[in-house]
Structure formats: C-alpha cells, structure tokens
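Just so it is clear: chains get the letters A, B, ... in the order the sequence lines come, proteins before strands, and each one is counted from 1.
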Protein chains: 2
Amino acid sequence: MYTLYSMQRSGNCYKVRLALTQLGIPYRLVEIDVLKGDNRTPEFRAKNPSGRVPLLEVAAGRWLPESNAILWYIAGGTPLAPEDRFERAEALRWMFFEQNSMEPSIGAAYFWLTLVRGGRDLKMHQIEGWTEAGYAALGLMEEHLETNRFFAAGRYTIADIALYAYTHMADDAGFDLAGYPRIRRWLARVASQPRHVTMEGTPALEAAG
Amino acid sequence: MYTLYSMQRSGNCYKVRLALTQLGIPYRLVEIDVLKGDNRTPEFRAKNPSGRVPLLEVAAGRWLPESNAILWYIAGGTPLAPEDRFERAEALRWMFFEQNSMEPSIGAAYFWLTLVRGGRDLKMHQIEGWTEAGYAALGLMEEHLETNRFFAAGRYTIADIALYAYTHMADDAGFDLAGYPRIRRWLARVASQPRHVTMEGTPALEAAG
C-alpha cells in the first residue's frame, strides 16, 4: 500500500489525495505540517532532500516527490492519464504550465497570504508579481476553455486535477474569478466528477475504511 | 516536417533543438526574437496565446507549447523517453522540478541579467530570491548526483536535456558552480553524448542540410 506524506491544506498535496480517491486506491496518510516544521526533520529529509510535500512511498524505501509526477505514476494505465502521443503531450503541456505559471503565483499567494501568519508583510514586495502572473495564467485558461470543456484529450484527466488545485483556491489567494466565467463553469464541472472530494474532505482511505 | 518557433538564446528552446538534433529529426526553424517583440504579433499570438517559445507545429495548424511537453512528444518511443512506469515518473519528477525550481530562478536570472539591457536594474529586488532558489535547486541536483550518473532511468534521457539547458548557463546567470563538482562532471557527461550540439551551434537541420 502507498504511503503519502501530505499537508492537508496544500494544493499540491490535494491533487494526489483527490486522484487516489477517485481511482479508489487505498493509501496510508502521514500528515506533514510544513508550518510546524515537520518537513525539516532529519527523518523526512532522508526521504526527500527538498523537504517538500507531497511525497509518495511507492514501495519500501522508494520515494517519489513532485505532485504532477506522482499523478502520472498513480494514474498510469487509467483513463485519467492519456497515453495517446498527442493527448499525453497536451496533458503534460498544461501540467508544466501549472508548475511554471500557476503554482509560483496563485500557489505562492495562497501559501503566504492565507497560511503563514504575517506572510503578507513578509512578502509584500512579491504580491504585485504574483498578481500579474496569476491573472495572466487565468487568462490563458479562460481562453482555452472557450473551445474546450477540459484541458487535454477532450475529457477529465490529471491535467484538470493539477490545474484545479490552485485555481479553486484563487479566491483565498486574493484573485477575483468574476471575470472568468468559463473557469468558474469548469471548476463546477470538475467538482461534479464521480468520487470528487474537497480539499478539507479528503481522508486517508485506510483511516476512513 | 515539424516547424519549431524558437529563440536562439533561450534555454527552453535549446532543449528542443538539442533533442531534435540528437534524434536526427529534421525540422524547419523560425527564429522568434522575444527581445524584439516577434512574439507579440497577432500572427504569433494566434498560434500560442501565451506568446512564449518554444512552440512546435506538430501538424498543419496543430500547436504544442511548453518545452518539456515538446520533449516528451518528439522523444516518445525512443530511448531518450523512458516508458517504464517508475522510470517515466522519475524523469517527470526532475522535469517538473526544472520548471518549478530552476527555470524561474536560474532561467529568470539569465534572461534579465544577461539578455535584457538594463535588466539588472529593473529586477534588482528579485535577484536575492533567484539566487537563493537557484542555489537550493543546484544543491538538490548535486546531492542526487552523489549516487547517480544521470537523473532518471540510469541513463541519458530528456530529463538530463531539460536540466542541462539552464544549468549549463548558470555561470552566465551569476551562479558559481565551483562548489558543485558532481554537477560539473555531469555537465561534461551530457556534452559528450553522441550528436551533442551547443546552444549557439544548433542549426535548423533543413538549412544545414
């Protein structure tokens, strides 16, 4: 059984919990609260030198970090992971976009403005950059959704899961989605997929079972 | 035949030219000089709304952006793209790391400090953040190379190509690799692969043929 090292309120970790739940894959959950320094212990650093979550133990002593790489690993061979050559590239295109354009803007804003006490003062000089980059990313998503219901392969895939995590927190990160009606409809479309769970509601299946 | 929209001095574009050359895939090259605004024309925005390069026309009117997604597309089915489930995840892990931790630090520093005239003054407030994030990324690479010759699957893959692009420019971006002997040996190992070409030396194969 997989063991997932995860922080409940992390968008990157939520992606993995959502996909595991939708795929019906049981897993052990270890909560790593980055705000309390759980990720700075020698034990955790031995598993993942970057100290980041999520981290998946795929087999005894074999560790996989990076949320989007974990999504490909756990969803491989299921309809959530497109394997047609162009469809796979489309999904990867949006997942690299997510890690390069969205997580460093909306994700960073969420972390520092919502999770870290006093974070707004610490990071005041970066807020303008996050805002500009975040709205630019949302604009590209809105444009894509003019002619597409999902982000890749014409169906719900791990590309949607990857993008959903921080987009659905945009409000909490200080972004106003009022001008992005297609994104709001797509968020509702993702939330209506079978076995969808909220960020707060994703349990450790083992604990819940 | 593929058409690649590329800027000669972009690390993200170099990745694709290097892989196409090593795979012996002919392509047409269209130079898009971002510094001259070639990417802000309506014609280019119609192809890629983000205005970014590289952009690969994989078939008439079918466009693929995002350097690392392009690498998976062009290298699919070759030894450069590992398809074993865990090896693929390992390659993806380092490629997502590259877009999340390296391109926004060493890549951004290279762009603003080396390519853009006056960029150092414009971005002075960001240099400290780039420096810290860039050295942290280099530290993780150095640690991985303690026990590995390459980044995934035990051999030279597109994960190495992705990481090589900005790592081999680190000097130009103001980073000192003196304390990273394993990275320097890995850079030499990558540069010694068959059909390797330098960033400046990557031609359009059609033009060269």
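- Here A:R88 is the residue among A:E103, A:R88, A:H125 with the most heavy-atom pairs under 4.5 Å with chain B.
- Of all heavy-atom pairs between B:A69 and A:A89, the closest is CB-O, 3.7 Å.
- The aromatic rings of A:F96 and B:F96 sit parallel to each other, their planes meeting at less than 30°, with 60° as the upper class boundary.
- In this structure, CG on A:L92 lies 13.0 Å from OH on B:Y73, to the nearest 0.5 angstrom.
- For B:E142, the salt bridge (charged side-chain N to carboxylate O under 4.0 Å, His left out) test picks out B:R182, with sequence neighbours left out.
- With a 6.0 Å radius and a threshold of 12 heavy atoms from other residues, nucleotides or ligands, B:Q193 has its CD atom above the threshold.
- Surrounding CD of B:E128 are at most 12 heavy atoms belonging to other residues, nucleotides or ligands under 6.0 Å away.
- Other residues, nucleotides and ligands place more than 12 heavy atoms under 6.0 Å from the CZ atom of B:R85.
- For the side chain to side chain contact (heavy atoms under 4.5 Å, CB included) criterion with A:F97, the lone passing option out of B:E66, B:Q99, B:R52 is B:E66.
- The environment of CZ in A:R45 is crowded: more than 12 heavy-atom neighbours from other residues, nucleotides or ligands sit within 6.0 Å.
- Expressed to the nearest 0.5 Å, how far CE of B:M102 lies from CG of A:N100 amounts to 13.0 Å.
- B:S101 touches chain A through its side chain: at least one heavy atom from C-beta onward sits under 4.5 Å away, while N, CA, C and O do not.
- For B:E83, the part lying under 4.5 angstrom from a heavy atom of chain A is the side chain only.
- Here the OG-CD distance, from A:S50 to B:E143, works out to 9.5 Å after rounding to the nearest 0.5 Å.
- For the options B:E90, B:E98, B:M95, heavy-atom pairs under 4.5 Å to chain A are most numerous at B:M95.
- Of the listed residues (A:P65, A:G77, A:A137, A:A91), the greatest number of heavy-atom pairs within a distance under 4.5 Å of chain B belongs to A:P65.
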